[in-house]
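So you know, we letter chains A, B, ... as the sequences are listed, proteins then strands, and number each from 1.
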Amino acid sequence: MTKYVDQGKNDTRSGYGAGMTELGRTNPNVVALCADLVGSLKIQTFIDENPERFFQVGIAEANMMGIAAGLTIGGKIPFTGTFANFSTGRVYDQIRQSIAYSGKNVKICASHAGVTLGEDGATHQILEDIGLMKMLPGMTVINPCDYNQTKAATIAIAEYEGPVYLRFGRPKVANFTPVDQKFEIGKALLLSEGTDVTIIATGHLVWEALIAAENLEKEGISAEVINIHTIKPLDDAAVLKSVKKTGCVVTAEEHNYLGGLGESISRILATQHPTPQEFVATQDTFGESGTPDQLMEKYGLNNKAISEAVHRVLRRK
Amino acid sequence: MATLQQLEDLVLQTRRDILRMVHKVNSGHPGGSLGCTEFFVALYHEIMHTKDGFDMDGIGEDLFFLSNGHISPVYYSVLARKGYFPTEELNTFRLINSRLQGHPTTHEGLPGVRIASGSLGQGMSVAIGAALAKKLNKDEHLVYSLHGDGELQEGQNWEAIMYAAGNKVDNLISTIDFNGQQIDGATDDVLPMGDLKAKFEAFGWDVLEIEKGNDLEAVIKGMDEAKSRTGKGKPVCVLLHTIMGNGVDFMMHTHAWHGKAPNDEQLAVGLSQNAETLGDY
């Protein structure tokens, strides 16, 4: 198996910006919208190169979602940009009626998801967005793990017809997936093979899962690490294949355990292959101000928390 | 071009369709539908340029978005009689497995409908997006939208109103069904909206009023005037003064029939006031 190494820390939102730059050059139907957060979403190059295809809507996210829905009528592929909190909870009914129920080809691109947004605190740190979005019929939900994967996902969703929620983050984190890795919507990636436990991670927790697997190996525990970047539709087959081998699973995500990836995995296991599972996720709580590292530590969202969860689940096998 | 008599016949027949649709399922929204009948007939038969057939992108034709989706009966009747789908399908309004949902949707693939509406306040944003797409596509056709006056209590409208003026979306004509009524009573009692004309103008729109919104000739004249004001750097707002429940005497001038269907006797009275002209579906 590939041994993943950090190619240099970078933020996933810059992966989005780089993906948009490329789409601006390759797909004339792609248009971008933003609600007063151009710098945060890293789309200045797209704007400079395609000013006529950029719509600054101001601090008016509900209007942005409606305009995006309307732009699809006429063949455009709109990418909306704001923080994850304002991309989902604030505009849930607009997304539900004008985008999801109407079946519009809108890409809802959401930065600063989770506690790693940091010092701004809980008003801006949404930990419920995966649940909100995966519950919408027809919505594809994607949470890439690093810069390269976010860039690849951004480019890939332009080719897919239908509404998509693309979730990424603020801090610079390890960039470890191959720069040329093809992004297949709905396809899990097996990052590291193992036999004792399956760790299924998404977003920023994938790198932490790899570190945890390395540490566990030193203890004689063989952990398999699966990267789920597409939470919906979920790669049931990849999950089942792994847990049938290992017999237990730890899920890891920067999200509330209610409504997140872990619950989606539980549904597969409960209906097809009942298996002990532990959740690395926030415990039905809001976040708070702090540095990303401090918050990941306090809310149990790092490699240490994953290792502890592995020990707990192994005792239940 | 249809003659005025042909259009008047369509208005009468549409009113019959509305009454019969809501009566059959004992639900739906006749009040606003009846109030906007002349507007819909004028829009689809005199004002808008539409292509034969239906495709979602609507390039090369004018587009219409219904934001106040609860007046689906008038929308469905006019779409059917324009030829988007068979008039017999009006029989399926609000029934299970129908394309004619209580509120309009694209989800069941009904030709003529380009967005779901019902949850209020969202249609103007969608219409702006479609208007922006037309500009990108160098398509000089117009985008029309209709909104309830009570619907303007939803804040998203004002985001959209601010955006459209600020960004010179001048290929958009948004009409407000100005009947002064909403579910709980008169708009002035439920939540007064003040001077709507002044509000739209203050936001930078070109506003015109159609005082006789249930007079077909006045509606056509007013909407022609609205068309002539497009392309001049401002979005255009039409304040269409209508009477909720127009054409059925006991439904007029009250909010009581906003979302209530007539019983058998009331249907008979309503139909007796609106002669069958083009054949009931």
Closest contact, heavy atoms only, B:Ala133 versus A:Gly74
CB-CA, 4.4 Å

Just wondering, more than 12 heavy atoms not from A:Arg90 lying within 6.0 Å of its CZ?
no

Partner chain A: residue of B:Ile128, B:Leu132, B:Leu63, B:Val113 with the largest heavy-atom pair count (under 4.5 Å)
B:Leu132

If you count heavy-atom pairs within less than 4.5 Å of chain B, which of A:Pro78, A:Ala69, A:Ser102, A:Gly58 leads?
A:Ser102

B:Ile183 atom CD1, over 12 foreign heavy atoms within 6.0 Å
no

Does A:Lys76 form a side chain to side chain contact (heavy atoms under 4.5 Å, CB included) with B:Asn137? I'd like the steps, not just the answer.
CA-CA 9 Å; A:Lys76 304 303 159 198; B:Asn137 290 332; 2.8 Å; yes

Calculate, to the nearest 0.5 Å, the distance between atoms CE and CD belonging to A:Met64 and B:Glu159 respectively.
10.0 Å

Does A:Glu288, at its CD atom, have more than 12 non-hydrogen atoms belonging to other residues, nucleotides or ligands within less than 6.0 Å?
yes

Can you tell me how far apart OG (B:Ser125) and CD (A:Gln94) are? Round to the nearest 0.5 Å.
7.5 Å

Look at the side chain of A:Asn63 and the backbone N and O of B:Tyr163, then say whether any donor-acceptor pair between them is shorter than 3.5 Å.
no

Residues, nucleotides or ligands: over 12 heavy atoms within 6.0 Å of A:Arg96 CZ:
no

Carefully, step by step, assess B:Met56 and A:Lys104 under the rule side chain to side chain contact (heavy atoms under 4.5 Å, CB included).
CA-CA 10 Å; B:Met56 184 55 78; A:Lys104 297 304 182 199; 3.4 Å; yes

Got A:Ile73 and B:Phe65 here, is their nearest side-chain heavy-atom distance under 4.5 Å?
yes

Around atom NZ of B:Lys51, are there more than 12 heavy atoms of other residues, nucleotides or ligands at under 6.0 Å?
yes

Please determine whether side chain to side chain contact (heavy atoms under 4.5 Å, CB included) holds for the pair A:Ile67 and B:Val126, giving the CA-CA distance in whole Å, both sets of side-chain angles, and the decisive distance to 0.1 Å.
CA-CA 5 Å; A:Ile67 290 178; B:Val126 175; over 6 Å; no

How long is the gap from NE2 on B:His107 to CD on A:Gln97, to the nearest 0.5 Å?
12.5 Å

Quick one: pull up CD1 in B:Ile115 and OH in A:Tyr101 and give me the separation to the nearest 0.5 Å.
11.5 Å

Go through B:Gln122 and A:Asp93 one step at a time and tell me if the side chain to side chain contact (heavy atoms under 4.5 Å, CB included) criterion holds.
CA-CA 9 Å; B:Gln122 300 186 25; A:Asp93 191 46; 3.0 Å; yes

